[in-house]
Amino acid sequence: MIDIGGTSTTMGNSITNYGNTGTFSTYANVAGSVNGILIRNVRAFNIQYNTVTSSNTTGALTTAGTLRGIFVPSYSNAPTGTNSQVISNNTISVTHGAAAGTLQGIIVEGTTGNATTSLSINSNTFQNCGFNVASPTGSTTFISSGMANLNQTFSNNVFNNLTISSTGSVTFISNNIALPASGTQTVEGNSIAIGFSKTVAGGGINLFSASTASLGSATVIHRNNNFSNILLTGATFVNGWSSQDGGAVTKTFQNNTFQNITGGTSAMTILNVNQGSTGNLIQNNTINNITGQGAIIGIQAGTGATTATESGNTVTNLSSTGSGGSVTALSCGTQTISCFNNTVGSLSSTGATAPVTGISVTATTSSTIYRNKVYELSSSSAGGSVTGITISSGTTVNAYNNIVGNLTAPAMNAANSLIGINISGGTTVNLFYNTVYLNASSTGALFGSSAINASTTPTLTLRNNLFHNASSSNGTGLAVAYRRSSATLTTYGSASNNNDFFASTIYTDGTTSRTWSAYQTLVAPRDAASINWSPTYLSLSGINTNFLHIDPAAATQLESAAANITAPAITDDFDAEIRQGNPSYSGTGTAPDIGAD
């Protein structure tokens with residue numbers, strides 16, 4: 001066991017002004033580098049309460065190679081036994097003087113641990129780190145671990161008011177080692193303090209990255225991290241917080257915050273959870289005020305995972321400006337996914353053909369999408385598109401108790417590019433108890449919209465939904481409640497009924513439009529108990545808790561006009577209030593109400 005710094009601030013070392021001679025170590029594994037603290041070939045180590053500050057004097061800087069604060073290079077032989085490796089409560093300030101130099105804070109390489117080792121990199125502060133040279137191109141990594149271990153913890157590390165002036169990529173935390181069976185990874189309480197800026201274009205930003213294949217019953221938990229107040233410029237892509245750790249690992253991402261991030265012209269994905277075969281939980285994360293000029297994705301549940309849950313997340317104020325790119329709040333691509341209780345709002349793009357999408361469902365097996373609120377999505381271009389919820393694949397998709405409204409496209413010039421719920425693919429799609437309200441207008445010569453738009457490929461069943469399109473239309477465009485891609489009705493589910501369709505055009509198949517009575521005749525016996533009614537809402541403001549809730553003081557045909565759904569069993573509404581006909585119902589209705597409320 002080697003101890004550098006002891007157990008308190010009074011015992012810590014102060015290592016300053018190193019790296020100013022231009023000479024480098026010739027030891028194996030560290031040649032061509034300058035290191036504040038170097039640990040090699042020890043069984044266990046404790047590095048705490050040290051202040052590590054490289055030279056930042058012009059003319060006396062590290063002039064080549066790699067500059068590090070704390071470095072644990074690969075061992076000649078991996079240590080044996082059960083060991084605890086600790087790097088905590090250190091303050092790291094490293095400044096590179098070589099344009100192509102590599103800047104690193106805390107680096108732990110492979111073969112430095114084993115399958116019973118515990119690694120803790122906690123409560124370290126990174127400040128005054130960067131490059132002091134004209135036109136730097138080198139990369140920056142603050143924390144990286146490649147150590148084989150049983151339990152690893154990265155917690156409460158602070159990246160304090162940092163500015164990087166290099167065109168190279170920046171990585172805050174990286175882990176590139178697979179966990180063993182029953183291993184754990186905990187990443188919590190890490191944060192950017194005050195802010196972070198990358199003042200020149202180039203490379204990318206990785207807030208957290210992992211791309212390994214952990215073994216069965218391993219557990220990954222990332223929670224309470226706050227990476228906010230980030231300023232980028234130009235062609236700098238953002239990989240954000242990305243977990244690509246595969247294998248039979250259970251992953252949880254909770255209560256993380258990413259807000260006030262200004263990007264450049266490249267794409268940004270803020271939280272990306274992919275791979276894993278036993279279930280990924282993405283819960284109660286906040287992503288807010290993200291601005292760039294390229295494509296933006298708030299949360300992506302990747303296609304490589306088997307099952308995932310996205311719940312209780314808030315994704316708001318995503319904006320792609322300038323030349324603009326696509327904007328998507330929630331991307332649900334995991335094979336089997338549940339997406340519920342999420343709030344999505346205030347998404348926009350100025351891109352010439354860029355789509356703006358609240359929730360995108362591309363799961364290949366089954367999806368359950370419920371109790372989500374999607375509001376205030378907008379495209380300001382003539383050729384853009386706006387969609388609240390889009391479902392493009394899946395053997396079985398159940399979407400219910402969702403609220404979608406206030407989609408706008410003030411300059412759109414297209415026949416059907418503003419859509420509340422879009423069904424473009426899949427095998428069986430069931431929409432129950434959803435509320436969609438549109439009231440858009442455009443200066444475009446051609447403008448049309450749909451509360452629901454459906455391909456005739458999947459079998460679609462509509463029950464107990466409110467589809468209200470109060471939008472205006474221009475040219476040959478139509479403001480439609482229910483639009484299908486062709487005249488085929490064999491894939492319109494026979495159980496479809498008890499819906500409210502209200503719009504200037506009730507139904508169209510792209511060729512023929514129908515009035516209310518003509519529609520009921522066309523689809524009979526479906527929709528025999530459906531209605532054509534314009535309801536009164538308590539609020540049309542997306543941020544209001546009563547958004548698109550029905551005014552109980554106004555007369556309505558929605559009351560007791562629905563029918564209970566038993567497969568899947570839907571016993572409550574958007575507000576988790578029990579619907580009539582189910583245990584613990586305390587109202588006076590004789591049947592459930594139409595819509596999400």
Distance-only polar pair, side chains of [X] and [Y], donor-acceptor under 3.5 Å:
{"X": "Arg579", "Y": "Asn401", "value": "yes"}
{"X": "Ser243", "Y": "Asp245", "value": "no"}
{"X": "Asn206", "Y": "Ser242", "value": "no"}
{"X": "Thr456", "Y": "Thr491", "value": "no"}
{"X": "Thr364", "Y": "Ser393", "value": "no"}
{"X": "Tyr400", "Y": "Asn398", "value": "no"}

Distance-only donor-acceptor hits, side chain of residues 254-266, under 3.5 Å, sequence neighbours excluded:
{"unit_1": "Gln254", "atom_1": "NE2", "unit_2": "Gln283", "atom_2": "OE1", "d": "2.5"}
{"unit_1": "Asn256", "atom_1": "OD1", "unit_2": "Asn224", "atom_2": "N", "d": "3.3"}
{"unit_1": "Asn256", "atom_1": "OD1", "unit_2": "Asn225", "atom_2": "N", "d": "3.0"}
{"unit_1": "Asn256", "atom_1": "OD1", "unit_2": "Asn225", "atom_2": "ND2", "d": "3.0"}
{"unit_1": "Asn256", "atom_1": "ND2", "unit_2": "His222", "atom_2": "O", "d": "3.2"}
{"unit_1": "Asn256", "atom_1": "ND2", "unit_2": "Gln254", "atom_2": "O", "d": "3.2"}
{"unit_1": "Asn256", "atom_1": "ND2", "unit_2": "Asn285", "atom_2": "OD1", "d": "3.0"}
{"unit_1": "Asn260", "atom_1": "OD1", "unit_2": "Asn289", "atom_2": "ND2", "d": "2.8"}
{"unit_1": "Asn260", "atom_1": "ND2", "unit_2": "Asn229", "atom_2": "OD1", "d": "3.1"}
{"unit_1": "Thr265", "atom_1": "OG1", "unit_2": "Gly234", "atom_2": "O", "d": "3.4"}
{"unit_1": "Thr265", "atom_1": "OG1", "unit_2": "Ala235", "atom_2": "N", "d": "3.4"}
{"unit_1": "Ser266", "atom_1": "OG", "unit_2": "Thr236", "atom_2": "N", "d": "3.4"}

[X]: salt bridge (Lys or Arg N to Asp or Glu O under 4.0 Å) partners, not counting sequence neighbours:
{"X": "Arg514", "answer": "none"}
{"X": "Asp572", "answer": "Arg371"}
{"X": "Glu188", "answer": "Arg223"}

Quick one: pull up [atom1] in [X] and [atom2] in [Y] and give me the separation to the nearest 0.5 Å.
{"X": "Asn430", "Y": "Ile565", "atom1": "CG", "atom2": "CD1", "result": "8.5 Å"}
{"X": "Leu446", "Y": "Asn413", "atom1": "CG", "atom2": "CG", "result": "5.5 Å"}
{"X": "Ile531", "Y": "Thr556", "atom1": "CD1", "atom2": "OG1", "result": "6.5 Å"}
{"X": "Leu466", "Y": "Asp500", "atom1": "CG", "atom2": "CG", "result": "5.0 Å"}
{"X": "Phe447", "Y": "Asn416", "atom1": "CZ", "atom2": "CG", "result": "9.5 Å"}
{"X": "Ile192", "Y": "Asn157", "atom1": "CD1", "atom2": "CG", "result": "12.5 Å"}

State whether the side chain of [X] and the backbone N or O of [Y] hold a donor-acceptor pair below 3.5 Å, judged by distance alone.
{"X": "Thr428", "Y": "Thr396", "answer": "no"}
{"X": "Asn313", "Y": "Ile299", "answer": "no"}
{"X": "Ser169", "Y": "Gly204", "answer": "yes"}
{"X": "Ser349", "Y": "Gly325", "answer": "yes"}
{"X": "Ser155", "Y": "Val187", "answer": "no"}
{"X": "Asn272", "Y": "Gly240", "answer": "no"}
{"X": "Thr328", "Y": "Ser331", "answer": "no"}
{"X": "Lys198", "Y": "Ser166", "answer": "yes"}

List the atom pairs, with distances to 0.1 Å, where a side-chain N or O of residues 405-412 and a protein N or O form a donor-acceptor pair under 3.5 Å, not counting sequence neighbours.
{"unit_1": "Asn406", "atom_1": "ND2", "unit_2": "Leu540", "atom_2": "O", "d": "2.6"}
{"unit_1": "Thr408", "atom_1": "OG1", "unit_2": "Ser378", "atom_2": "OG", "d": "3.2"}

Which one of Leu431, Ile421, Ile419 satisfies the side chain to side chain contact (heavy atoms under 4.5 Å, CB included) criterion with Val436?
-> Ile421

Criterion ring pair (Phe, Tyr, Trp, His ring centres under 6.0 Å) against Tyr482, the qualifying member of Tyr492, Trp516, Phe502 | Tyr492

Should the pair Phe340 and Tyr370 be assigned to parallel (<30°), tilted (30 to 60°) or perpendicular (>60°) ring geometry?
-> parallel

Side chain to side chain donor-acceptor pair (under 3.5 Å) between Ser346 and Thr316, worked out | CA-CA 6 Å; Ser346 299; Thr316 51; over 6 Å; no

Check: [X] ring centroid to [Y] ring centroid under 6.0 Å:
{"X": "Phe208", "Y": "Phe253", "value": "no"}
{"X": "Phe501", "Y": "Tyr507", "value": "no"}
{"X": "Phe196", "Y": "Phe159", "value": "no"}

Start with the C-alpha distance between Asn226 and Ser228, add both sets of side-chain angles, then the distance that settles side chain to side chain donor-acceptor pair (under 3.5 Å), and finish with yes or no.
-> CA-CA 6 Å; Asn226 189 338; Ser228 302; 2.6 Å; yes

Please tell me if the side chains of [X] and [Y] come closer than 4.5 Å, counting only heavy atoms from C-beta onward.
{"X": "Tyr537", "Y": "His468", "answer": "yes"}
{"X": "Ile369", "Y": "Asn402", "answer": "yes"}
{"X": "Phe467", "Y": "Leu462", "answer": "yes"}
{"X": "Val361", "Y": "Cys339", "answer": "no"}
{"X": "Asp593", "Y": "Ile550", "answer": "no"}
{"X": "Tyr375", "Y": "Ile403", "answer": "no"}

Any chance you could lay out the side chain to side chain contact (heavy atoms under 4.5 Å, CB included) test for Phe574 and Leu548, step after step, and finish with the verdict?
-> CA-CA 11 Å; Phe574 175 85; Leu548 298 189; over 6 Å; no

Using the side chain to side chain contact (heavy atoms under 4.5 Å, CB included) rule, take Asn499 and Asp527 through it: C-alpha gap first, then chi angles, then the decisive distance, then the call.
-> CA-CA 7 Å; Asn499 301 290; Asp527 285 316; 3.0 Å; yes

Let me see the working for Asn469 and Ser471 under side chain to side chain donor-acceptor pair (under 3.5 Å), right down to the final yes or no.
-> CA-CA 6 Å; Asn469 189 353; Ser471 301; 2.8 Å; yes

Ser197 and Thr163: CA distance, side-chain angles, deciding distance, side chain to side chain donor-acceptor pair (under 3.5 Å) verdict = CA-CA 5 Å; Ser197 63; Thr163 297; 3.1 Å; yes

Where do Leu460 and Arg484 land on the side chain to side chain contact (heavy atoms under 4.5 Å, CB included) test, with the steps shown first?
-> CA-CA 10 Å; Leu460 172 66; Arg484 287 176 68 84; 4.2 Å; yes

Ser496 and Val523: CA distance, side-chain angles, deciding distance, side chain to side chain contact (heavy atoms under 4.5 Å, CB included) verdict | CA-CA 9 Å; Ser496 297; Val523 301; over 6 Å; no

Hey, could you give me each pair passing salt bridge (charged side-chain N to carboxylate O under 4.0 Å, His left out) that has a residue in residues 336-364? Not counting sequence neighbours.
-> none

